[in-house]
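None of these values were measured; they are calculated from a predicted model. Chain naming here is simple, since letters A, B, ... match the order of the sequence lines and numbering starts at 1 in each.
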Amino acid sequence: MGPVNDVPEPEQPALLGLDDVQGPASGPRGGKARRKAALGAHEIAEVLPVARVVLDLQPAHLDREYDYLVPASMAADAQPGVRVRARFGPQEVSGYVVARAATSEHTGRLMPLRRVVSGDPALSEPVLRLARAVADRYAGTLADVLRLAVPPRHARVEKEILAALANPPSVEPVETTPVVNVPSVEPVETTPPAESTHADPWAPYRGGEAFCRHLLAGGAPRAVWTPLPGLAPADDGSVGHVPHWADAIARAVRATVAGGRRALVVVPDARDADRVCEALEAAGVGDHARLLADDGPAPRYRAFLRARHGLAPVVVGTRAAMFAPVPSLGLVVLWGDGEDTLAEPHAPYPHAREVLALRCELEGAALLLASPGRTVQAQALLASGWAREIVAPRDVLRARAPRVRALTSVELAAEGPGAAARLPTAAWRAARDGLASGPVLVQVPRTGYLPVVACGRCRTAARCAHCHGPLGLPRQAAAPQCTWCGRLAGGWRCDECGDSRLRAVRVGSDRTAEELGRAFPGTTVRVSASTAPGGVLDRVAAGPALVVCTPGAEPVADGGYAAALLLDAAVATSGTGLAAATEALHRWLAAASLVRPARDGGQVLLVGDAAPAPTGALVRFDPAALAERELAERRELALPPAVRVAAVSGDREAVGALVGRVALAGGEALLGPVELPPEPDGRGATLDPRVRAVVRVPLAQSAELARQLRASLAVRSARREGGSVRVQLDPKEML
DNA sequence: TCACAGTAACTC
DNA sequence: AGTTACTGTGAG
């Protein structure tokens, strides 16, 4: 197409629509209709009259860019990144301008944009690129990802931020106009370290200081870091209440900021965000933006815009913050990558770890993947050489970790009949001793029915002999069946101990607080859980108290806990997913990390018959070893992350049609479809029987698998095939 | 072989 | 919700 200049030529396809756009002569109707009708050829922008727009459309086959004409009145505002409204068929839909162009490839008529919602560009170019990469990776649509990435606009907040930008509250003028690209490097202020009241938290780690030096120098190192347990020293040198990990993250952020770049910290929940923010303040890092979805629309959009305009050197937030627009991003931190809140529950179900890994590659930023436990996915990043490991030497760990003991049935056997009780004598004694000097943490698994099958002897989760998927008990305890390929488990034998007995694991743990109250009359019992009357507690005082919590809801105890009891260990290691072992270890280590070092009397007791591998890893405080072992096993058995899997679920017919168009889903690559256990629809009723097919391909074919799945979804929406299907790459429950 | 109407696909 | 591309049918 030739350029479109001042003289519109009729044969320019891009301009053919103009006379039609004029519409009928305006009658005596209101101003809106009149303006619309008056829009003619002369009122189209003179330069770059075409806006390339990404529209917020649901159907997969409509997932592409569309060209619109830019009315002269919008010529200045319709810049890349701004929200617009445009006519698409019968309706007006919203979208983002992604580019301006002189001409269009489109051969038909172009419609004019209806409205620029705001001249302030909400969608930055790097975020758009990231969203595209995420859509590609997860076989999703760009519109779906953008819905996750950009929070709903809040006009009042926008006005407030733009005003602040126009007249900076105090110091030097920042940006006067909302430009598309915020200056790449801005003088960033760090209050000089409120000079090291305590030592560099990175000093004990191999490679820790080097990592921070790289950050300062503008490098992009990538690390998987296993933090030491414990709390950072307070200003007076005593044990404080800020976890060591948060303190160390703050220091890494400070190095990044001192080097003239910005940082993004993503955490699993609001309490962890608070802990990081507090540590940032203590470390003297300037202002930060707290970007949490559950803070509500206004604070959320305020944090988003402050990030977007480079008003905060650090953004701290939960899952959705993984897409936060942070100009000149130097460091991305992900804390607790094994937590399930980091898996996005909305299509296309991206996981924060994958998104942030993609992101730091695209933006040349450093990555710090930190967690008390270690996921196999993190281990895979190490194994491939993509990231380096940051750990402390064993002797440093030993000096800081509590004493850990596992009370297995072998040890409990000595106790006789009482051993079946949930609180054996050894655990009771440990709690009693701990209460003499401080609070005692009691972690209980969430209540729930777990239709899972484990080895009857060693409690290792049972796997399918054919595809290595986890076994489950469908319906009324028929024969155990593979939840992936549907084969019945006949002649099963445990990989771990060779036993052939299977056992269903279904345990609840409701009455713990009550039981403990009876066991320790006169002691304060506090409960921290989302279902508890007081909700989740952030912090408890140093005095004696029993603190009962569910995993992930552990409050920090001032000065550290004297002891921790980890109850119902068998339940913790018998989840359905492949990650049951590493997840259990993660939860235990998260609790154990809040306990005082052994030399100060801190001890941890694991109670109940857990699978041996995670139990051993807890006793040795060694999540790396477990992850390594699990990764080796996954490679051997062709399980993710050594392979790529996609789950296609929905009604049988729709799943069949969708999978049928995916060339890679043939032969051995296709498992199932298998009927899924009926899922309550929220009102108690059950939906139509749903099935799930699993496609498993080598990692080298991941991109192609995603492409084919997306193409099949596009065909499905174009043909308006009935029913419903959901496509999930690396679904949470299969990792 | 072409015109035209009813229909399916597309939507800038 | 219009517009366009398309297919099938019937007249020439």
Side-chain angles (χ1 to χ4, degrees), chain A residues 1-5 8-27 29 32-33 36-37 39-75 77-117 121 123 128 131-132 135 140-147 654 657-658 661 710-723:
Chain A
M1 289 301 134
V4 174
N5 288 325
E9 297 168 76
E11 58 277 13
Q12 287 290 341
L15 297 175
L16 283 180
L18 292 183
D19 21 278
D20 295 76
V21 162
Q22 281 178 308
S26 52
R29 302 226 312 280
K32 214 170 192 174
K36 174 184 163 194
L39 187 61
H42 304 295
E43 297 189 49
I44 291 302
E46 302 223 339
V47 288
L48 304 178
V50 175
R52 205 143 288 152
V53 178
V54 167
L55 294 173
D56 186 16
L57 300 168
Q58 197 63 249
H61 69 287
L62 300 180
D63 182 25
R64 50 203 177 84
E65 292 170 2
Y66 296 90
D67 290 349
Y68 285 84
L69 289 172
V70 179
S73 62
M74 303 178 199
D77 277 349
Q79 294 303 317
V82 304
R83 279 178 236 256
V84 290
R85 308 267 312 167
R87 211 182 157 85
F88 187 80
Q91 47 195 329
E92 191 178 297
V93 297
S94 58
Y96 300 94
V97 173
V98 296
R100 285 282 292 271
T103 61
S104 172
E105 300 283 300
H106 185 59
T107 47
R109 294 177 182 165
L110 296 187
M111 297 287 273
L113 289 174
R114 289 292 273 258
R115 198 157 65 86
V116 172
V117 174
L123 179 62
L128 173 64
R132 285 212 165 96
T141 64
L142 181 57
D144 276 348
V145 180
L146 289 178
R147 229 170 283 132
L658 195 119
R661 286 185 295 261
R710 185 158 60 173
S712 183
L713 282 166
V715 169
R716 173 182 157 74
S717 68
R719 290 190 189 157
R720 298 190 169 86
E721 287 176 356

Asker: Would you tabulate the pairs of protein nitrogen or oxygen atoms and nucleotide nitrogen or oxygen atoms of nucleotides 6-8 of chain B closer than 3.5 angstrom?
Answerer:
none

Asker: With a 4.5 Å heavy-atom cut-off, do P121(A) and V82(A) have their side chains touching?
Answerer: yes
Asker: Which helical stems does DNA chain C take part in, if a stem means at least 3 consecutive Watson-Crick or G-U pairs with both distances below 3.5 Å?
Answerer: B:1-10 with C:2-11
Asker: Is the backbone N or O of R85(A) less than 3.5 Å from a side-chain atom of R114(A), with the two atoms forming a donor-acceptor pair by type?
Answerer: no
Asker: Provide a list of protein-nucleic acid N or O atom pairs under 3.5 angstrom, restricted to nucleotides 10-12 of chain B.
Answerer:
| residue | atom | partner | partner atom | Å |
| --- | --- | --- | --- | --- |
| dT11(B) | OP1 | R64(A) | NH2 | 3.2 |
| dT11(B) | OP2 | R64(A) | NH2 | 2.8 |
| dC12(B) | OP1 | G89(A) | N | 3.3 |
| dC12(B) | O4' | D67(A) | O | 3.3 |
| dC12(B) | O3' | D67(A) | O | 2.5 |
| dC12(B) | O3' | M111(A) | N | 2.6 |
| dC12(B) | O2 | D67(A) | N | 3.0 |
| dC12(B) | N3 | H106(A) | ND1 | 3.0 |
| dC12(B) | N4 | R64(A) | NH1 | 3.1 |
| dC12(B) | N4 | R64(A) | NH2 | 3.4 |

Asker: Using a 4.5 Å cut-off on heavy atoms from C-beta on, say whether the side chain of V70(A) contacts that of V97(A).
Answerer: no
Asker: Quick one, Y68(A) with L55(A), criterion side-chain contact (heavy atoms from CB on, under 4.5 Å). Give me CA distance, side-chain angles, the key distance, then yes/no.
Answerer: CA-CA 11 Å; Y68(A) 285 84; L55(A) 294 173; 3.6 Å; yes
Asker: Tell me, do L62(A) and F88(A) make a side-chain contact under 4.5 Å, heavy atoms counted?
Answerer: yes
Asker: Side-chain contact, heavy-atom cut-off 4.5 Å: D56(A) with V93(A)?
Answerer: no
Asker: So which protein N/O to nucleotides 5-8 of chain C N/O distances come out below 3.5 Å?
Answerer:
none

Asker: Do the side chains of P71(A) and E43(A) get nearer than 4.5 Å, heavy atoms only?
Answerer: no
Asker: For S94(A), check side-chain hydrogen bond (donor to acceptor under 3.5 Å, both in side chains) against everything at least two apart and list the hits.
Answerer: none
Asker: Kindly indicate whether the side chain of L128(A), heavy atoms from C-beta on, has any atom under 4.5 Å from the side chain of L142(A).
Answerer: yes
Asker: Holding to side-chain hydrogen bond (donor to acceptor under 3.5 Å, both in side chains), I want the full list of residues that pass it with R132(A), two or more places apart in sequence or in another chain.
Answerer: E65(A)
Asker: Under a plain distance cut-off of 3.5 Å, with no hydrogens placed, do D63(A) and T141(A) share a side-chain donor-acceptor pair?
Answerer: no
Asker: Look at the side chain of R100(A) and the backbone N and O of V47(A), then say whether any donor-acceptor pair between them is shorter than 3.5 Å.
Answerer: yes
